[in-house]
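For reference, the structure is listed below as C-alpha cells.
Positions are given from 1, in the same order as the sequence printed here.
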Amino acid sequence: MTIPLDPKFIPKYVNQLVVPSVFKPFVAKEPSTGEVLSHNYTVFITTLKQQLLPPRFPETFVFGYEGIIEDGSCSSSTPGPTFEAVKGIPINVQWVNNLTEPHFLPVDPTLHWANPNNIPSPDPPFLDFPPGYPLAQSPVPVTTHLHGGEVRSDSDGGPDSWFTAGEEKTGPSFVKSRNNYPNQQEATTLWYHAHALGITRLNVFAGLSGFYLLRDPNNDIEPLLPSGPFEIPIVIQDRSFNEDGSLLFPNIGVNPNVHPYWVNDFLGNVIMVNGKVWPNLNVERRQYRCRFLNGSNSRFYNLKLSNDQPFIQIGSDGGFLRCPVELNEILIAPAERADVLIDFSRLDPGTKIIVTNDAFAPFPGGDRPDPDTTGQIMQFTVLDTPPVRPVRLPPILNNIPILIPDAPKQTLTLNVVREETEPGPRELLLDGQKWASPTSELPQVGSTVDWVLANVSAATHPIHVHLIQFQLVSRQLFDSERYLADWESLNGKPPLQHPTIPLDVEPYLIGKPIDPDLNEQGWKDTVRANPNEVTILRLRFTPQNVGSGDSKPGQNLFPFDPTFGPGYVWHCHILDHEDNEMMRPMKVVSGPIVESNPQSCCEVIVEGNTQLVPPALNNATISHSNTVFAEIEKVCPEKVIISGFLRKSITYTAVLDSGVREENIITNDLPFQCIIDREDANENDSFMITGSTVLCEVFAKTQNFGTHPVTNEQVAFRFVEKDIIKVCVKKNPSSE
C-alpha cells in the first residue's frame, strides 16, 4: 500500500538543475552539393526510472523520450532531450511507441478517449483503481504534438492520430508515425508533448514532454543574447509523490458516480523543474536567458524573484516581442512560454534568490499556494565570478505585422456542464459542443478572422489553436450570467445536439476593451481567457513571416497544404479539461470555387461523425437524405457571404436487448459558410439560392464494437461521412 509523501519532508535546493540533453540528428545532404536537406531522428517513447526527488529518496518510474544525443550515447529522460532546430532546415522524426506494459496511471474509460480495444463505457458501480479496467490500461496509445509548430495536419500529432506499440492499433486519424516539421516560422521556444485523445493528462504527467528550440542564424537579435551555458530552458511542472518515490495521481474522480477517476484540475503539492524537485542553479555574475515553459496539467504560475529584482521578457509563444518588457512578475498558464533575461551581474557572490509563485490554484478562484511548498519554484545561487555587464538591446526586437480581419467574426462560448447536486463538473465544452460533434470551425486558408470567446465558466482557460500563431486583440468584462441565460434560451443547455446558434456579445459588454499586457503583444499560440470576460483572438491562417496585407482568403502561402490530412484542433490547455471534451476539431478549407456570372457557385466540404447508438446491425441497410438550408449573410460590392447548414438524416435498424428490431433516424445539422466573388453585386440586390450535395466518401462498413448479447450478430457504433455542398446564388429576374 502506497503512502503519500508529505512535501514538507522533501529538502529543497539539494537537487541541482539539469539542462536537458540535446538530440543528435542524422544530417541528410544533397550528394552533389553538400546542401543540408533535413535533420532526421528516431525517438522512442519508453519507460524508465529517474531520480526526480533529492538523493536518498527512491527513484521514480516515469514515461520518457529516448534517442541518440549529442555525445553519441542513447539517452532516455523526462523531460525528453531537446530538439535544436534551425529555421529553413526541416526535421523528420520517426516516433516509436515502446510502451508494452499497462499504463500505471488510472485510465478513465467513461471519457471519450482513444480506446484501442473499443471497450464500451462501463456503468456504475465502477471498479476501484488499482486495478481499474484492464482493457483500458493496455495497450497504451500515444501520439506526439509539436506545440506551436506550423506543420501539415498529418504531422500535427492530433488526438485521434494515436498508435500503440508496434502500431498494432491506430486511431481513426492516424496516417503515419514519421512526422515532418518544416521549420519555416520565426525562431522561438516550442515544445513537444503527448496528445492522445482522453489520456493527454496522464501521458504528460507520466513524463512525455520536451523542448523544441527553433533558431534563426540570420536573426539580428540572437547574437546579443546569452547563449551556451548561459541560456537555460526551464519547464515547470507540479507533481505529487508517494513515499516509495512513485508518482501520485488522483484515482477517485471529482464525480465518482459519473467518471470514476477523472478530476477537473490536477494540482500537485511538489514543484519539479527540468525533472528535478525544487532544484538549485549556480549562476555566474552575468545575464542569463531563461526560457520558461509552464508544462503543468492545470496549475498557473505567477513568477517573481525573492529579492524583488525586475527582469526583462523578450519573447512569448511565437517568437520575440516587438519590444523588451521590464517586469517584476509574470503570469504563465499551462503551455505558455516566456523568454526572459535575468541579470545577476550586480549581485554579491553567495546571494541566493528563490523564484516564487503566488498564483491561485485553481486559477483564478482557488487558494493561494503554500509558501513552504508550491509557493517556491527553484533557487539561483550566485557564484564568485567576475561581473559581466549585459549587452544593451535595441528598442525594437521584432517587426510583428498588423493583422486585418477579412472574414466574418466567430462568437464562441467556453462552457461547463454540471449538476447542482454534484461536487464538480461533468465535462467542459467549447461552444456547447462535444469533441465528436460535426466540425464547425472551417477557416479558409489565407484568411484572417476574429474569434470572440465568451467565457461563461468560473475558470481561466488557456486556449490553444493548432497550426498557427495568432494575436490577442483585447479582453472586456461582460454580463456573463445574463449572456448565459440568453444563450441557453436560444440554444438549450449544453451539450448541444445541433449546431450552435451564436449570440452577439455586444449588448452584454461592460466598460471598455482592455488592451493586452505589453508582454502579450506578440505572437501567441496559447492565451488566457478569463471568467466574466470576452477575449478576442485574431487568427491568420497563413505563415508567421508573411507581411501585413500580403495574404488573402483562398491563397495558400504555407510550404505545405494545410487542407490536406485529418485536420487540426483547438482546445483548452488545462489537460484535465481537454481530456473531458474541451477540445474541438478544426479543418482548414481552400475556399470557394468561383464560376462566371450571372450564376456563381462555391463548394464547401462539410465533415461530421454520426453516432449510431448501439446495438446497430452491421449488415442492416443504412439510408441517407441530405437537404441544404442557406441564406445570404452579407452582400458587399465584391462578394456575397452565404451561411447555412446541411441537414443529414440517417435511417438504420437496431436490435434491442429483447431481440426486437427497431428503426431509428438520426438527424445532424452541419453548418457551413462560403464566399462568392461577384463584381456586379449591389447593396439592394435580391438573390436566389439553390443548393445541391454530392456524397463523396462514406465509411459504410462502420466500426464494429463487438456482438449483440442476444442475437450474437456484429453491432456497429459509428460511421463517418464527408459531403461537398455546392451552393449557387443568382440575381432574381425581378432585380435585373
Side-chain angles (χ1 to χ4, degrees), residues 364-365 403-418 420 425 428-434 437 440-443 447-463 465 470-517 520 524 527-539 570 572 582 584 586 629-636 639-645 669 671-673 675 683-684:
L403 306 185
I404 301 174
D406 50 27
K409 70 179 180 182
Q410 282 191 264
T411 301
L412 304 156
T413 56
L414 313 181
N415 316 86
V416 59
V417 179
R418 67 185 308 151
E420 293 299 326
L428 297 104
L429 305 175
L430 297 172
D431 214 27
Q433 302 290 341
K434 301 185 78 162
S437 298
S440 49
E441 281 64 68
L442 297 161
S447 67
T448 304
V449 60
D450 281 354
W451 282 10
V452 181
L453 306 179
N455 188 353
V456 293
S457 77
T460 293
H461 298 282
I463 298 300
V465 183
F470 54 80
Q471 294 179 14
L472 172 60
V473 176
S474 66
R475 298 183 178 97
Q476 189 168 357
L477 293 171
F478 79 123
D479 188 340
S480 59
E481 289 188 12
R482 186 165 64 92
Y483 182 88
L484 177 59
D486 291 350
W487 186 91
E488 290 187 347
S489 177
L490 189 64
N491 284 283
K493 288 189 176 295
L496 305 182
Q497 304 300 317
H498 59 81
T500 307
I501 304 170
L503 178 63
D504 190 7
V505 300
E506 192 70 29
Y508 306 86
L509 295 174
I510 299 172
K512 295 182 179 180
I514 303 166
D515 290 335
D517 293 337
E520 294 180 302
K524 297 283 291 174
V527 75
R528 301 185 304 275
N530 297 321
N532 305 311
E533 288 184 356
V534 170
T535 303
I536 300 179
L537 313 181
R538 186 157 293 162
L539 301 90
W570 68 287
C572 173
M582 205 167 190
R584 291 284 293 136
M586 179 183 73
F629 297 87
E631 63 180 13
I632 295 174
E633 179 178 304
K634 187 176 181 182
V635 177
C636 304
K639 61 190 176 183
V640 176
I641 300 171
I642 297 174
S643 294
F645 61 92
D669 290 342
F672 67 88
Q673 185 179 76
I675 300 173
E683 193 67 33
N684 295 321

Item to check | Evaluation steps, side chain to side chain contact (heavy atoms under 4.5 Å, CB included), between Lys434 and Leu429 | outcome: CA-CA 6 Å; Lys434 301 185 78 162; Leu429 305 175; 4.0 Å; yes
Next on the checklist: Would Leu414 and Thr535 count as a side chain to side chain contact (heavy atoms under 4.5 Å, CB included) here? Give the steps.
Outcome noted: CA-CA 11 Å; Leu414 313 181; Thr535 303; over 6 Å; no
Item to check | Nearest non-hydrogen partners of Gly432 and Asn415, listed with the distance | outcome: N-OD1, 2.8 Å
Checklist entry - Do side-chain atoms of Asp406 reach the backbone of Thr448 as a donor and acceptor pair under 3.5 angstrom? => result yes
Checklist entry - Between Phe470 and Ile463, what is the shortest heavy-atom contact and its length? => result CZ-O, 4.1 Å
Checklist entry - Glu533 side chain to Asn455 main-chain N or O, any donor-acceptor pair under 3.5 Å? => result no
Checklist entry - With no hydrogens and no angle check, do the side chains of Asn530 and Thr460 hold a donor and an acceptor under 3.5 Å apart? => result yes
Checklist entry - To the nearest 0.5 Å, how far apart are CZ in Arg418 and CG in Leu428? => result 9.0 Å
Checklist outcome for this item: In short, Glu520 meets Arg475 closest at the heavy-atom pair OE2-NH2, 2.8 Å
Checklist entry - Would you say the side-chain atoms of Arg528 pair up with the backbone N or O of His461, donor to acceptor, closer than 3.5 Å? => result no
Checklist entry - Which pair of non-hydrogen atoms, one from Pro364 and one from Ala458, has the smallest distance, and what is that distance? => result CD-O, 3.9 Å
Next on the checklist: Can you tell me how far apart CG (Leu472) and CG (Leu537) are? Round to the nearest 0.5 Å.
Outcome noted: 6.5 Å
Item to check | Residue pair Pro405 / Arg538: nearest heavy atoms and the distance that separates them | outcome: CG-NE, 3.4 Å
Item to check | Stepwise side chain to side chain contact (heavy atoms under 4.5 Å, CB included) check, Asp504 with Lys409 | outcome: CA-CA 10 Å; Asp504 190 7; Lys409 70 179 180 182; 3.6 Å; yes
Next on the checklist: Give me the atom names and distance for the closest heavy-atom approach of Pro443 to Met586.
Outcome noted: CD-CG, 3.8 Å
Could you list the donor-acceptor pairs under 3.5 angstrom formed between side-chain atoms of residues 495-503 and any protein atom two or more places apart in sequence or on another chain?
residue : atom : partner : partner atom : Å
His498  : NE2  : Asn491  : O            : 2.9
Thr500  : OG1  : Asp431  : O            : 2.6
Thr500  : OG1  : Gln433  : NE2          : 2.8

Checklist outcome for this item: One should read off an interatomic distance between Ile536 CD1 and Gln410 CD, to the nearest 0.5 angstrom, of 13.5 Å
Item to check | Side-chain heavy-atom pair Glu441, Leu412 within 4.5 angstrom cut-off | outcome: yes
Checklist entry - Can you tell which of Tyr483, Trp487, Tyr508 makes a ring-ring contact (aromatic ring centres under 6.0 Å, His included) with Phe478? => result Tyr483
Next on the checklist: As an exercise, state the distance from OG of Ser474 to CD1 of Ile514, rounded to the nearest 0.5 Å.
Outcome noted: 8.5 Å
Next on the checklist: Asn532: which residues meet the side chain to side chain contact (heavy atoms under 4.5 Å, CB included) condition with it, sequence neighbours left out?
Outcome noted: Ser480
